[in-house]
Colleague: 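Structure below; questions to follow.
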Number of protein chains: 2
Amino acid sequence: MTSKQEFIEKLRNSCLRPTKQRINICEVLFNRDKTFHFTINDLFNLIKDKTGEKISLATVYNTVHAFHKKGYLKEIPINSNQTYFDTNVTDHHHFFDVKEEKLIDLKNEDVGPIEIQKSIPGKKIKSVEVLVKLED
Amino acid sequence: MTSKQEFIEKLRNSCLRPTKQRINICEVLFNRDKTFHFTINDLFNLIKDKTGEKISLATVYNTVHAFHKKGYLKEIPINSNQTYFDTNVTDHHHFFDVKEEKLIDLKNEDVGPIEIQKSIPGKKIKSVEVLVKLED
DNA sequence: ATCTTCTTTAGAATAATTATAAACAACAAA
DNA sequence: TTTGTTGTTTATAATTATTCTAAAGAAGAT
């Protein structure tokens, strides 16, 4: 259980003013035991349901992008028309259930170390992501 | 160098009528030495330049999707607003140069075997894709 | 209180993609 | 060849995800 006060500090630390909307979004996103995968649309609807208050879609976009930039959210590359985010920002990978359109976390140790044996001059590796697609 | 006749047969084998447009698209996509990464928009423009004939955008979409469905193209999950395709349909991975927005093939042996040590009941693995993002 | 700066908001704008329905081309059979 | 059927192309409209805009509102500092 994370308190409202912690969210306010979290926002302050990132030079984001702790507004009502941002705190609400924090509650929905981070006040959980388990990691949470979502699209902007999922989040938009969830906020309405959970808090009873509607936050403008533009604000949801702004806030998610701000959190992503600050490293509080991870963007997950899936081939889909919608962008997925993950509250688990540690280094890890994903299953994607193609039929259910659902993401499942894969711990780093479930995949093992990945050694990239090729390099591109002038470039360095920013991230290594494994996506395992699942079918029935 | 692949001949027009081969493309016609390729299309026939997939129950796709060999139309002028589809053959042109084949020429642009498959008549190359190296693997080719593209977005629909890239392809649309390239066709105009290379063949001098304009193919309707809707046809480009239809054809690319048909080829993808038949396994002649691979879709590559990158976080971007555009969908990327690859003429290399063998099992392999990718670098993505974030700044240049460019894809580079990574051979399977450049990555080494990936053992997924977790399974989801009722589901089997369809594909394992590694995306390595590059920065300067 | 007051002022400045940041944020929210509804709605408009943009961009990628998909749907539509009429004209057209490929194919098979006579 | 003609003819009929079915698949394909096309321009355009529709849809969807996302970003932009500009005005109203809230936070923070003085």
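FYI, side chains are in, hydrogens and waters are out, and symmetry mates aren't considered; it's all heavy atoms of this structure. In what follows, every chain begins at residue 1, and chains take the letters A, B, ... in the order their sequences are listed.
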Colleague: Would you say that B/Tyr72 contacts B/Cys26 through its side chain, given a criterion of any heavy-atom pair below 4.5 Å between the two side chains?
Modeller: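 No, their side chains stay 4.5 Å or more apart.
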
Colleague: Do A/Ile114 and B/Val111 have side chains that get closer than 4.5 Å, going by heavy atoms?
Modeller: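 With C-beta onward as the side chain, the pair touches.
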
Colleague: Can you see whether B/His37 engages B/Asp105 through a side-chain donor-acceptor pair at a distance of less than 3.5 angstrom?
Modeller: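 Present: a donor and an acceptor within the cut-off.
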
Colleague: Is any side-chain N or O of A/His65 closer than 4.0 Å to OP1 or OP2 of D/dT18?
Modeller: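 For A/His65, the contact criterion (side-chain N or O under 4.0 Å from OP1 or OP2 of D/dT18) is not met.
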
Colleague: Would you say the side chain of B/Leu29 lies within less than 4.5 Å of the side chain of B/Phe67, judging by non-hydrogen atoms?
Modeller: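 Yes - at least one pair of side-chain heavy atoms lies under 4.5 Å apart.
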
Colleague: In terms of side-chain geometry, is the basic nitrogen of B/Lys123 or A/Asp136 positioned less than 4.0 Å from the acidic oxygen of its partner?
Modeller: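 Salt bridge flag = yes for A/Asp136 with B/Lys123.
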
Colleague: Any residue in residues 76-84 of chain A with a heavy atom nearer than 4.0 angstrom to DNA chain C? Just list them by number, or reply none.
Modeller: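 DNA chain C contact set from residues 76-84 of chain A: none.
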
Colleague: Protein-nucleotides 8-10 of chain D N/O pairs closer than 3.5 Å?
Modeller:
| from | atom 1 | to | atom 2 | distance (Å) |
| --- | --- | --- | --- | --- |
| D/dT8 | OP1 | B/Arg17 | N | 3.2 |
| D/dT8 | OP1 | B/Arg22 | NH1 | 2.6 |
| D/dT8 | OP1 | B/Arg22 | NH2 | 3.2 |
| D/dT9 | OP1 | B/Thr19 | OG1 | 2.5 |
| D/dT9 | O3' | B/Gln21 | NE2 | 2.6 |
| D/dT10 | OP1 | B/Gln21 | NE2 | 3.2 |
| D/dT10 | OP2 | B/Ser56 | N | 3.2 |
| D/dT10 | OP2 | B/Thr59 | OG1 | 3.0 |

Colleague: Apart from B/Val89 itself, what residues make up its hydrophobic cluster, given side-chain heavy atom links below 4.5 Å?
Modeller: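 Members besides B/Val89: none; it forms no cluster.
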
Colleague: What is the separation between atom CG on A/Leu57 and atom P on D/dT18, rounded to the nearest whole Å?
Modeller: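 These atoms are roughly 9 Å apart.
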
Colleague: How close or far is atom P of D/dA17 from atom CD of A/Glu101, stated in whole angstroms?
Modeller: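 My rounded result for the distance is 11 Å.
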
Colleague: Go through DNA chain C in 5' to 3' direction and return only the first and the last nucleotide with some atom under 4.0 Å of chain A's heavy atoms.
Modeller: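 Counting from the 5' end, contacts occupy C/dT5 to C/dA10.
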
Colleague: Minimum heavy-atom separation for B/His93 to B/Asn108, with atom names?
Modeller: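 Distance-wise, the nearest heavy atoms are NE2-OD1, 3.0 Å.
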
Colleague: Contact between B/Glu135 and A/Lys124 at the side-chain level, heavy atoms closer than 4.5 Å - yes or no?
Modeller: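 Counting from C-beta outward, B/Glu135 and A/Lys124 do come under 4.5 Å.
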
Colleague: A/Glu53: what forms a salt bridge (Lys or Arg N to Asp or Glu O under 4.0 Å) with it, not counting sequence neighbours?
Modeller: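 If we apply the salt bridge (Lys or Arg N to Asp or Glu O under 4.0 Å) test to A/Glu53, skipping adjacent residues, the hits are A/Lys20.
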
Colleague: Might you point out which heavy atoms bring B/Pro77 and B/Leu131 nearest each other, and give the distance in Å?
Modeller: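 Heavy-atom minimum between the residues: O-CD2, 3.6 Å.
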
Colleague: I want to check one thing: is the phosphate of D/dT18, taken as OP1 and OP2, less than 4.0 Å away from some side-chain N or O of A/Tyr61?
Modeller: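 A/Tyr61 to D/dT18 OP1/OP2: side-chain N or O found under 4.0 Å.
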
Colleague: Please state how far atom CG in A/Asn45 lies from atom P in D/dT16, giving the value in whole angstrom units.
Modeller: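 Atom CG in A/Asn45 sits about 14 Å away from atom P in D/dT16.
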
Colleague: Please name all residues satisfying salt bridge (Lys or Arg N to Asp or Glu O under 4.0 Å) with B/Asp49, sequence neighbours left out, ordered by chain then number.
Modeller: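 Counting only residues at least two positions away or on another chain, B/Asp49 forms no salt bridge (Lys or Arg N to Asp or Glu O under 4.0 Å).
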
